[in-house]
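Below is one structure, written out as structure tokens, with a few remarks after it.
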Amino acid sequence: MKRCPECQSNRLNQNKEAGEIVCKDCGLVLEDKLVDFSPEWTEHESEDQSKRRTGAPLTYTQHDQGLGTEIGNSADFYRLGNKDKFYRLRRWQRRVSTAIERNLQLALSELKRISSVLHLAPAVEEEAARIYTMAVQKGLVKGRGLEHIVAGAVYISSRLNDSSLTMDDVCRAGGLDKKELGKNYRFIMRKLDIKLMPADPVNYVHKFASKLDLSPVTQTKALKLIDDIKKNGLNSGKSPKAIAAGALYLAAIMNGEKRTQEKVAMVSNVTEVTIRNRYKEFSEKLGIKKHLNKALKKAVA
DNA sequence: AAGACGAAAGTGGTTGA
DNA sequence: TCAACAACTTTCGTCTT
């Protein structure tokens, strides 16, 4: 059982709304900036209006969420009671806050940097900051590079938000390799109990297609293919990037906009071999082989 | 010469005993 | 914890256009 470090009372009151744990006897705030896990993540179509937030949300992209509190040292306080007690309170608060807050300040400036390199949407940046904040509070950053945890938070956040960011993108911006990023983001997920759905190939279609300068018609075709691929269960266990790349390669040929495997491989960061394997598999199992051959002949002619 | 093809060997992640 | 496994990568020689 946790006890108040000030008066040893065990009558601690967890106030979720305020994000605090408060000692009922002496009023000491044991922990603030607790993360409220309850609403926010899941609520989409919910009928339950009571969970809705109104007004400006707290922001995690400032190190103290814009809500820093300090125990003052004005004469009034001292008059209220025991001098020593308030002095000890202030010292105690300074100790817990400085380490975490200094860390957060550093981390958030790194996050800003990555964010501007990757042009992150504000919601993604915000969520990354949230995840990082939780990680610090759980002491996950100790012994690990701060930048690595930031990069991990960014990757998780973009996955949660259905962004088309790949691990390669985050690695480039964060200056770490895939192995490290993989280790770190999995570590964070495990410790914070965050679950990620496998990425949806659909998320990559637009990004790849625009880099390949493919028409919207081809993109739509690719999306349709991916839909069929899913219906036939051809997607399970396969890399979403590979599926998107294969589908786009197919769609481009059928739409008379053929791109070389090399180019598709370049923009999708998947090898030509894998694109071949995927598109062959798709064209056979979806019964569009004849269609494809015809399109190929036409492309040559 | 460019592009497509596929075999062979290696890597990292997942799964199941 | 270990082995088996599928997907993917790297490399490379061959075929087609």
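What you see is a predicted model, and the numbers here were worked out from it, not measured in a lab. Each chain gets a letter, A, B and so on, in the order the sequences are listed, and its residues count up from 1.
- Between dT9(C) and Thr271(A), a contact under 4.0 Å exists linking OP1 or OP2 to a side-chain N or O.
- Using a 4.0 Å cutoff to heavy atoms of chain A, the contacted part of DNA chain B runs 5' to 3' from dG3(B) to dG13(B).
- Between the C1' atom of dT10(C) and the CG atom of Asn269(A) lies a distance of 14 Å, rounded to the nearest Å.
- Under a 4.0 Å N-O distance rule, the pair Arg278(A)/Glu281(A) qualifies as a salt bridge.
- Between Asp213(A) and Lys263(A), none of the side-chain N atoms (NZ, or NE/NH1/NH2) sits under 4.0 Å from a carboxylate O, so this pair counts as no salt bridge.
- Using a 4.0 Å cut-off between charged side-chain N and carboxylate O, Asp168(A) and Arg172(A) make no salt bridge.
- A salt bridge links Asp169(A) and Lys207(A); the closest N-O separation between the charged side-chain nitrogens and carboxylate oxygens is under 4.0 Å.
- Note that Arg276(A) lies outside the cation-pi zone of Tyr249(A), set by a 6.0 Å cut-off to the ring centre and a 45° limit from the axis.
- Rounded to an integer number of Å, the gap from NZ of Lys280(A) to C1' of dC8(C) is 18 Å.
- Heavy-atom distances to DNA chain B give each of Lys179(A) and Glu272(A) a nearest nucleotide, and the one nearer the 5′ end belongs to Glu272(A).
- In this structure, Met189(A) places its CE atom where more than 12 heavy-atom neighbours from other residues, nucleotides or ligands lie under 6.0 Å away.
- Remark: Tyr249(A), Lys258(A), Thr260(A), Gln261(A) in residues 244-261 of chain A come within less than 4.0 Å of DNA chain B through at least one heavy atom.
- In this model, no donor atom of one side chain and acceptor atom of the other lie less than 3.5 Å apart for Thr274(A) and Asn277(A).
- Following rounding to the nearest Å, Ile243(A) (CD1) and dA7(C) (C1') show an atom-to-atom distance of 11 Å.
- The pair Asp193(A)-Lys195(A) meets the salt-bridge criterion, since a charged nitrogen lies less than 4.0 angstrom from a carboxylate oxygen.
- Around NZ of Lys241(A), the count of heavy atoms belonging to other residues, nucleotides or ligands within 6.0 Å exceeds 12.
- Ranked by how close their nearest DNA chain B nucleotide is to the 5' end, Lys263(A) and Arg276(A) are led by Lys263(A).
- At a threshold of 4.0 angstrom between heavy atoms, the contacts of Lys178(A) with the nucleic acid are absent.
- Pair assignment for dA6(C): none, as no Watson-Crick or G-U wobble contacts are both less than 3.5 Å.
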